[in-house]
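This report refers to the structure that appears directly beneath it.
Since the model is a prediction, treat every value here as computed from it, not as a measurement.
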Amino acid sequence: MQPIRITEIPQHLGEEVLIQGWLYHKRSSGAIQFLLLRDGSGLMQAIVLKSNSAAFQVAEGLAQESSLRVWGQARADKRAPTGYELEISRFELVQLAHDYPIAPKEHGPGFLMDHRHLWIRSPKQAALLRVRHEVLQGMRDFFHQRGFIATESPILTPAAVEGTTTLFPVDYFGDQAYLSQSGQLYLEATAAALGLVYWIGPAFRAEQSKTRKHLTEFWMCEAEMAFYDHQMNMQLQEELVKYLLERLLKQRAAELETLERNTASLQKVLSEPFARITYAEALELLAEQGLPLEWGDDFGAPHEEVLGQHFQRPVFIEKMPAAMKAFYMEPDPQNPELVLAADLIAPEGYGELIGGSQRISDLEMLERKLQEFQLPREPYEWYLDLRRYGSVPHSGFGIGVERTVAWIAGAKHLRECIPFPRQLHRIYP
RNA sequence: UCCUCGGUAGCUCAAUUGGCAGAGCGAUCGGCUGUUAACCGAUAGGUUGCUGGUUCGAGUCCAGCCCGAGGAGCCA
């Protein structure tokens with residue numbers, strides 16, 4: 001008999017089916033035992049009656065997370081937690097588990113993180129990982145549908161991309177190399193080769209960050225578009241985020257339900273355009289809200305919170321002072337003190353989702369900027385080549401995978417939005 | 001790196017002014033004819049993070065260290 005997955009049960013009511021999975025939880029009441037099974041796709045209740053003595057005996061000896069194959073009749077039953085249950089006729093115990101460490105009760109974050117390899121089996125964590133899958137698959141589909149080429153940037157890099165954030169050093173046959181903090185510069189090269197490109201890959205930041213919004217190893221989806229200006233860039237970002245939201249609300253409603261996500265605020269985001277304000281307007285708004293900033297100051301967590309609260313939807317903040325952003329950003333033709341960059345701030349306190357900008361295409365200006373930012377020229381020679389040979393206006397952005405997952409899923413902490421998070425002083429398991 | 005809080009059974013937590021180390025969950029055994037983190041009874045389970053100090057006596061007070069959590073800065 002071909003096994004079916006728990007999510008397929010509604011299509012097999014009244015049939016004898018085979019489910020392969022693990023025991024999530026067990027209850028018993030005299031002549032009946034209730035087994036809560038999980039198979040990776042979902043949870044479902046199975047029952048064993050005492051009249052089936054062979055199966056009943058096996059069920060009595062089962063402990064949490066024992067692996068098994070069960071055969072039985074699938075049916076609808078209002079008393080079952082998911083509305084469906086399986087009356088077991090036969091068992092095959094694959095492996096009997098003993099003393100599973102994670103009990104069906106509350107645990108502290110330290111304990112759960114030490115057992116992350118097992119924690120991901122619990123319903124909410126598994127749901128988060130399915131949401132993550134859908135977000136990543138959505139990104140791939142979105143770009144593929146628009147004719148973007150999926151490409152790659154190197155993880156081992158010879159120099160800092162932006163020269164600012166702390167990097168993880170790696171010994172590279174005696175030379176100093178670093179784990180990449182962004183694939184952007186390389187994407188600019190592939191965009192000049194392929195036109196429209198994107199990649200999804202890890203980024204590494206050795207910041208001593210210790211907050212729920214940061215990981216030392218996280219995933220970014222970065223896109224780079226030849227002949228795109230700043231406005232087209234923001235438009236594409238908005239379309240991507242809305243596509244992901246719409247897809248998740250449709251395809252992963254069950255997971256969002258498991259996660260107890262209030263989807264009304266997400267639905268609302270779909271119904272209207274994202275807010276767009278300039279850095280100068282943001283400063284005015286923040287001053288009105290009692291959080292004044294000096295010109296040139298970057299936003300902190302409380303400022304992002306206030307902006308998100310004010311708009312109740314994602315908000316682009318564009319045209320920041322050039323000095324507070326990266327060297328490669330195109331100056332605003334209206335005011336060269338500003339750059340054609342935009343950050344997309346998520347609502348509900350989830351922080352910065354996207355950072356993007358139009359890139360400098362003029363060779364002389366880029367050379368000048370390297371000097372202003374006191375960056376060495378040699379490591380960037382190849383990057384300058386892109387401005388020597390067929391330079392075009394181009395733009396791009398990077399969207400944080402975990403932050404997108406956290407926002408859509410309503411997760412409190414980024415560490416739950418990646419299978420094995422890497423955090424300050426935590427690299428086990 | 002800075003600020004705040006914490007570390008007691010496998011887990012989540014109690015323990016009065018410094019005076020016999022406790023409960024629930026989990027585990028094990030038994031009971032219960034539809035459970036919803038089922039319920040009822042029993043059993044096992046401890047170097048109170050580490051080192052030193054004060055004291056007749058320290059889980060409790062003091063000092064140092066280690067580890068964890070939350071927040072800040074930085075960013076995606």
Side-chain angles (χ1 to χ4, degrees), chain A residues 24-36 43-51 56 60-61 63-65 77-83 85 87 97-115 118-119 122-123 161-162 164-167 181-184 200-222 237 297-305 324-326 343-346 349-356 397-407 412-415 417-418 423-426 428:
Chain A
Y24 177 60
H25 195 44
K26 188 177 78 165
R27 291 183 280 270
S28 71
S29 180
I32 185 168
Q33 291 189 65
F34 302 92
L35 310 181
L36 203 48
L43 278 174
M44 113 173 263
Q45 175 168 284
I47 63 164
V48 194
L49 298 170
K50 200 166 196 170
S51 52
F56 198 83
E60 276 187 317
Q64 198 186 353
E65 287 304 320
D77 191 311
K78 286 199 187 90
R79 293 168 296 187
T82 57
E85 70 178 14
E87 184 177 333
H98 285 293
D99 298 323
Y100 185 67
I102 303 180
K105 59 164 288 189
E106 283 175 26
H107 295 278
F111 174 80
L112 290 170
M113 287 309 302
D114 286 342
H115 294 83
L118 302 176
W119 187 26
S122 63
V161 166
E162 301 178 13
T164 52
T165 37
T166 322
L167 299 166
Q181 58 175 318
S182 162
Q184 185 206 309
I200 299 174
F204 305 87
R205 306 271 163 97
E207 286 289 339
Q208 303 267 71
S209 286
K210 203 171 150 38
T211 83
R212 70 178 78 180
K213 292 197 193 100
H214 294 85
L215 299 170
T216 52
E217 176 181 315
F218 65 98
W219 285 65
M220 270 205 291
C221 174
E222 298 181 277
Q237 293 167 38
D297 285 349
D298 210 342
F299 307 118
H303 308 99
E304 288 181 355
E305 191 110 6
M324 67 186 247
K325 303 301 281 185
D343 290 343
L344 183 68
I345 312 292
Y350 285 95
E352 194 179 319
L353 234 45
I354 297 182
F397 64 91
I399 175 167
V401 170
E402 289 78 19
R403 286 193 183 172
T404 305
V405 171
W407 171 48
K412 294 154 289 296
H413 206 301
L414 238 49
R415 70 181 161 214
C417 299
I418 183 169
Q423 294 176 273
L424 186 61
H425 303 141
R426 186 179 276 286
Y428 178 92

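- Put simply, the side chain of A/Gln423 and the base of B/G68 share no donor and acceptor less than 3.5 Å apart.
- For the C1' atoms, the distance from B/A14 to B/A23 is 7 Å, rounded to whole Å.
- Applying the ring pair (Phe, Tyr, Trp, His ring centres under 6.0 Å) criterion to A/Phe299, with sequence neighbours excluded, gives A/Tyr279.
- Separating the P atom of B/C65 from that of B/C13 is a span of 26 Å, rounded to the nearest Å.
- Taking 4.5 Å as the limit, some side-chain heavy atom of A/Met113 sits within range of a side-chain heavy atom of A/Trp119.
- Taking only side-chain nitrogens and oxygens, A/Arg415 comes nearer than 4.0 Å to OP1 or OP2 of B/G70.
- Within 4.0 Å (heavy atoms only), A/Pro81 reaches at least one base atom of the nucleic acid.
- Checking B/U12, B/A76, B/A69 against every side-chain atom of A/Phe111, the shortest atom distance belongs to B/U12.
- A/Ala80 comes within 4.0 angstrom of a nucleotide base, judged by non-hydrogen atoms across all strands.
- Base engagement by A/His214 is indicated by at least one non-hydrogen atom pair under 4.0 Å involving a base atom.
- Base-pairing analysis of RNA chain B finds the following stems of at least three consecutive Watson-Crick or G-U pairs, with both pairing distances under 3.5 Å: B:1-7 with B:66-72, B:10-13 with B:22-25, B:27-31 with B:39-43, B:49-53 with B:61-65.
- A donor-acceptor contact under 3.5 Å is not formed by the side chain of A/Arg426 with the base of B/C67.
- Residues passing the ring pair (Phe, Tyr, Trp, His ring centres under 6.0 Å) test with A/His413, sequence neighbours excluded: none.
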Atom pairs, protein N/O to nucleotides 23-33 of chain B N/O, distance under 3.5 Å:
from	atom 1	to	atom 2	distance (Å)
B/G24	N2	A/Lys105	NZ	2.3
B/A27	O2'	A/Asp99	OD1	3.4
B/C32	N3	A/Gly30	N	3.1
B/C32	N4	A/Ser28	OG	3.4

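- Across all strands, A/Glu60 comes closer than 4.0 Å to no nucleic acid atom at all (heavy-atom distances).
- Here the nucleotide nearest the side chain of A/Asp77, chosen from B/A72, B/C75, B/G34, is B/G34.
- For the OP1/OP2 pair of B/G70 and a distance below 4.0 Å, the side-chain nitrogens and oxygens of A/His413 include at least one atom meeting the criterion.
- A donor and an acceptor atom sit less than 3.5 Å apart, one in the side chain of A/Gln45 and one in the base of B/U35.
- Distances from the side chain of A/Glu352 to the nucleotides B/A72, B/A76, B/G34 place B/A76 closest.
- Partners of A/Gln237 by side chain to side chain donor-acceptor pair (under 3.5 Å), not counting sequence neighbours, listed by chain and number: A/Asn233.
- Partners of A/Asp77 by side chain to side chain donor-acceptor pair (under 3.5 Å), not counting sequence neighbours, listed by chain and number: A/Arg79.
- Under the side chain to side chain donor-acceptor pair (under 3.5 Å) criterion, A/Glu87 pairs with A/Arg75, sequence neighbours left out.
- Between A/His107 and A/Phe111, the ring planes are parallel. Angles under 30° get that label, and only those over 60° would be called perpendicular.
- Partners of A/Asp114 under the salt bridge (Lys or Arg N to Asp or Glu O under 4.0 Å) rule, at least two apart in sequence or in another chain, are A/Arg426.
- Not counting sequence neighbours, the partners of A/Thr211 by the side chain to side chain donor-acceptor pair (under 3.5 Å) test are A/His214.
- Of the listed nucleotides (B/A76, B/G73, B/G34), B/G34 has the atom at the smallest distance from the side chain of A/Phe34.
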